[in-house]
Every structure is written in C-alpha cells, then in structure tokens.
Amino acid sequence: MPPFLLDFLRRRIWTLTAGIALACAALLLLGRDAVWALLLLVLGAAVIERFVAPQEALGDQPERRTDDPLSILPPLTQLLFEQLPMPVMLLDEGERVLFVNQWMRGLLGPGMERKHVSAVLRNPDVLMAIDDAMQGRQANVPFTLPVPIERHFQAYAARIHVAPTVTALLLHDLTAIRRSEQMREDFIANVSHELRTPLAAVSGFIDTLRGHAKDDEAAREQFLNIMGVEAARMRRLIDDLLSLTRIEMNEHVPPEGRIQLDSVVREVAAALMPLARADHVTIEIAGGADQPPVLGERDELIQLFQNLIHNAIKYSRDDGHVWITSGQTADGQVFVTVRDDGEGIPSSAVPRLTERFYRVDVKRSREKGGTGLGLAIVKHIVNRHGGKLQIESRQGEGSSFTVLMPPAPPENSQNEEPVAAVTEML
Ligand code: ADP
C-alpha cells in the first residue's frame, strides 16, 4: 500500500470506524437497502470529520508530538543540546519538561521528563523567569541550589518559536566565580589582619619611645629589638605573598629544567643546618644517589624544601630529629620525605594545612616566626611540577611530608615525540 494512503488511514482510522459503525446501526434500525447505508456512511463520516477530527488535529496531535522529545528535536539539535556544557531544559506550553540534557540531569536528578517544572525546580525566582519567558519576555535571574553542596547559577529563560513553541531554560554555573570572589575577600581580610598586629606593635613602641621611655636606655634597647622582630615578620609576610602570587601566575606553565631533587634537598639542608643547630635539632639525610631527575624550576624547588625542612625544625621537639629520605617509588615516581619527631598534627587539621593562613596553633606559629603561607606555597609548587604532596602525622609522635614527582622523560625523547604523534595520526 502506498505510504500516503497508509498515513491517511492511520490518521482517519477513528473517523472511518465511527462512520461504518453509524451506518451499520442505521442499517439495522431502518432495515433499508445498501444505497441508504452508503449514504448514511458518507454522512456519518462527514459529521465526525467536521466535529471530531479538527479537535484531534489541533489538540491531540501536538500533544503526542511534544510528549516525545525525540519528535520535537531533530537528532543533531538534540545531540548539540545534550553535549552543551551547561544544564539545559526545554518545556512545553504547559510548563512540562520535554527535554533535559546530561548536565541538568546531573544537577537535578533523573526522571524529570513530562513533570511540571515546579515539581523539579522549586525556586520561585526561576519559576517566575519561566513565566516571563512564556509571555515572550527574556528573563535571567541568579539563584542558588543549597544541597548537596551550595552551587550558584544564573538562569536564562527564553521562548523559542518553533512548531510547537517551547521554552528553554539554560543555567550558567557561577559557583567557581563566587568561590574565588569569596576567597579574594577572605584573603584580603587575612592579609590586613596579619599586618595589623605587627604594625600596631611597632607604632605602640614608637609612641612609648617618644614618650615616657625617652630617656630609658634599657627599655629603648628592648623595644627596638621587638620592633626589629615585628618588621622582619612583616617583610617575611610580604615576601611570602609575592612568592605565592608569582608561583600561582606560572602554575599552568610546566617547568623545563632537569633537576636532581636529591642535590636540591642536600643544598637546602646544609643552608638550614645553623638554624637546626641553634634549636638542637639533628638532620639526617639518606638515599637519593641513583634518583632520576625531574622537570623542575630550581628556585621553586629550593623554596619548597626550605619550607618543609624549616617547618620540621620549627615544630620538632627539643633535641629532636629530622630525617630526609629521597628515592624512587615502585611505580617510578621520584620522592623526598621530610619526617620529624615533633609535636605532630591532629588528623582533623591535616586536610586544611595547605590553606593560606591556616595554622594549627596560631600563637606557636607566630612565636616561631611563621606566616601561615609556607605550606600553601609548597602546594602550588608541587602542583606546577605535576606532583603530589602526602602528609602523615600522629599527634605527639611527629609528622612526615612526602613530595612525589614524575621523573623527567629521557633527554632525547623530546625530539622523538612529534614523530611518534605524526605516525599515530597517519
Ligand atoms: P607557618 O608559617 O605557620 O609554619 P605553614 O603553612 O608552613 O605556616 O604551616 C601551617 C601550619 O601547619 C603551621 O602553623 C603548623 O601548625 C602546621 N605544621 C606545618 N609543618 C608542621 C610540622 N612539621 N609539624 C607540626 N605541625 C606542622
């Protein structure tokens, strides 16, 4: 049977059936001949066609189409919406969900299709924006999803005039931007707080020296010493802030030098030996002789191990020990571990150690001249070198900080790589 005839029969099946049924009924009732029956059949079909079919064409048909997202979206458009890296939802005229892409499903969960939008997204501002869009006005509103973790979005709603008309809801994820704004605010608050304390001390002593301690030589000497310590603290803080900014700016640029970590560690330990001796701390170094080089930036690696070894000395016990071990793990990673037998770190604090200005004991860190930025700097340097930082600690027993980095590729492999890539493409 030709397809157009099939399609006609499919769309008019109810009309024909009803017509035939009506004709049969009339025939039975009237008992007249076939001509009358045929006439009645045509009449019946015409009546049904006039009163039933138009409703069907206007009402049922689009309903059937809009219920099935596949039928309103051509495959390419659907693929594009599905792959669009932001949550997308399409709604029909009755604000029921026609289509959601993978990002929207990831955000609001599965099984949203055909539900009313208010049942899947209970935010009054977004629902209002959708209503506005339905009236033909473009709308965009900020909104926050509080659970499971707080996320911030800008919701855009717009009516799209295709057949049938749909309303599109797109969500732009602003969580990362909001977080970095918050971090910047916290950072500025922390820096001003850190600078305010030594500044207040210095200005206090200046006033005292100008006032009643003017002619007190012993007091002058003592106050000048304290002012020197506070000035040094501010200088260290500014130096650490500048280092952190510099490292962060370069974090996406992989380092190129070929560095033997073991030699850097030995150099740093030798430079810190006087400090260790002053604190009666013994430093022991082991391993690393046949360690392969890593791709690294020498100055940054020096700073990394300075911070770790200095911390081990600062937070070790009297007559304590610091052990530095270098080598290669079973899976080929280059490692350096700095271990001490100091006060240790409570396990709840370990995940927060690399946050800026986080200290387990603020008073102790200040007494030791700490800025609270040392481990944040370590983390950024390790990240830039494609490495990992592992921290293990037991309170009262000591801590160990392990830096793991991938070994540098063999020296001639940089020339060979493009050839390999071309071969692969061919
Ligand atoms: P700080 O300048 O305060 O030393 P860091 O960022 O270097 O700042 O370290 C953050 C905090 O981590 C320190 O204040 C200290 O509480 C803790 N910490 C770091 N290293 C050690 C260690 N080896 N032993 C015990 N606690 C440590």
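All values derive from a computational prediction rather than experimental measurement. We count ligands from 1, going down the list as the structure has it; atoms in each ligand are counted the same way.
Per-residue contacts place Lys314 under 4.0 angstrom from the following atoms of ligand 1 (heavy atoms of the residue considered): 1 (P), 2 (O), 4 (O). Atoms of ligand 1 lying under 4.0 Å from at least one heavy atom of Thr371, given by number and element, are 2 (O). Under a 4.0 Å criterion applied to the non-hydrogen atoms of Ser399, ligand 1 contributes the atoms 24 (N), 25 (C). Atom numbering of ligand 1 starts at 1 in the shown order; those under 4.0 Å from a heavy atom of Gly372 are 1 (P), 2 (O), 3 (O), 6 (O), 8 (O).
From the protein, the heavy atom lying nearest to atom 19 (C) of ligand 1 is Asn311 ND2, 3.6 Å. Here the protein heavy atom with the shortest distance to atom 5 (P) of ligand 1 is Leu375 N, 3.6 Å. The nearest protein atom to atom 12 (O) of ligand 1, hydrogens excluded, is given as Leu353 CD2, 3.3 Å; this is a heavy-atom distance. In terms of protein heavy-atom proximity, atom 3 (O) of ligand 1 is closest to Ser365 OG, 2.6 Å. The shortest contact between atom 26 (N) of ligand 1 and any protein heavy atom is with Ile345 CG1, 3.4 Å. Remark: minimum distance from atom 23 (N) of ligand 1 to any protein heavy atom is reached at Asp340 OD2, 2.9 Å.
Arg356 forms a cation-pi arrangement with Phe187, by the criterion of a distance under 6.0 Å to the ring centre and an angle within 45° of the ring axis.
Judged by distance alone, the side chains of Asp186 and Gln182 do bring a donor and an acceptor atom under 3.5 Å apart.
Residue-level proximity to ligand 1 for Lys368 is absent, since no heavy atom of it falls below 4.0 angstrom. When heavy-atom distances to ligand 1 are checked against a 4.0 Å cut-off, Val360 comes that close through both its backbone and its side chain. Heavy atoms of Asn307 found under 4.0 angstrom from ligand 1: none, in either backbone or side chain.
Of the polar atoms of Gly370, none of the N or O atoms is found under 3.5 Å from an N or O of ligand 1, judged by distance alone. Inclusion of Ala376 in the set of residues having an N or O under 3.5 Å from an N or O of ligand 1 is not warranted.
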Assess whether side chain to side chain donor-acceptor pair (under 3.5 Å) is satisfied between Arg339 and Ser400, documenting all intermediate values. CA-CA 4 Å; Arg339 185 163 67 85; Ser400 101; over 6 Å; no
Criterion side chain to side chain donor-acceptor pair (under 3.5 Å) on His152 and Thr175, from CA distance to verdict: CA-CA 5 Å; His152 305 276; Thr175 314; over 6 Å; no
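Using a 4.5 Å heavy-atom cutoff, the side chains of Tyr358 and Leu353 are in contact. Residues Gln333 and Lys388 form no side-chain contact, since every pair of their non-hydrogen atoms from C-beta on lies 4.5 Å or further apart. Side-chain contact between Leu261 and Ser326 is absent, with no heavy-atom pair separated by less than 4.5 Å.
We find the CD-CD distance between Glu397 and Glu343 to be 13.5 Å, quoted to the nearest 0.5 Å.
Here atom 18 (N) of ligand 1 lies nearest to Tyr315 when heavy atoms of Tyr358, Phe357, Tyr315 are compared.
Crowding of Arg137 atom CZ: a count of heavy atoms from other residues, nucleotides or ligands under 6.0 Å exceeding 12.
Looking at Ile283, Val281, Asp340, Asp341 one by one, the single match for side-chain contact (heavy atoms from CB on, under 4.5 Å) with His321 turns out to be Asp341.
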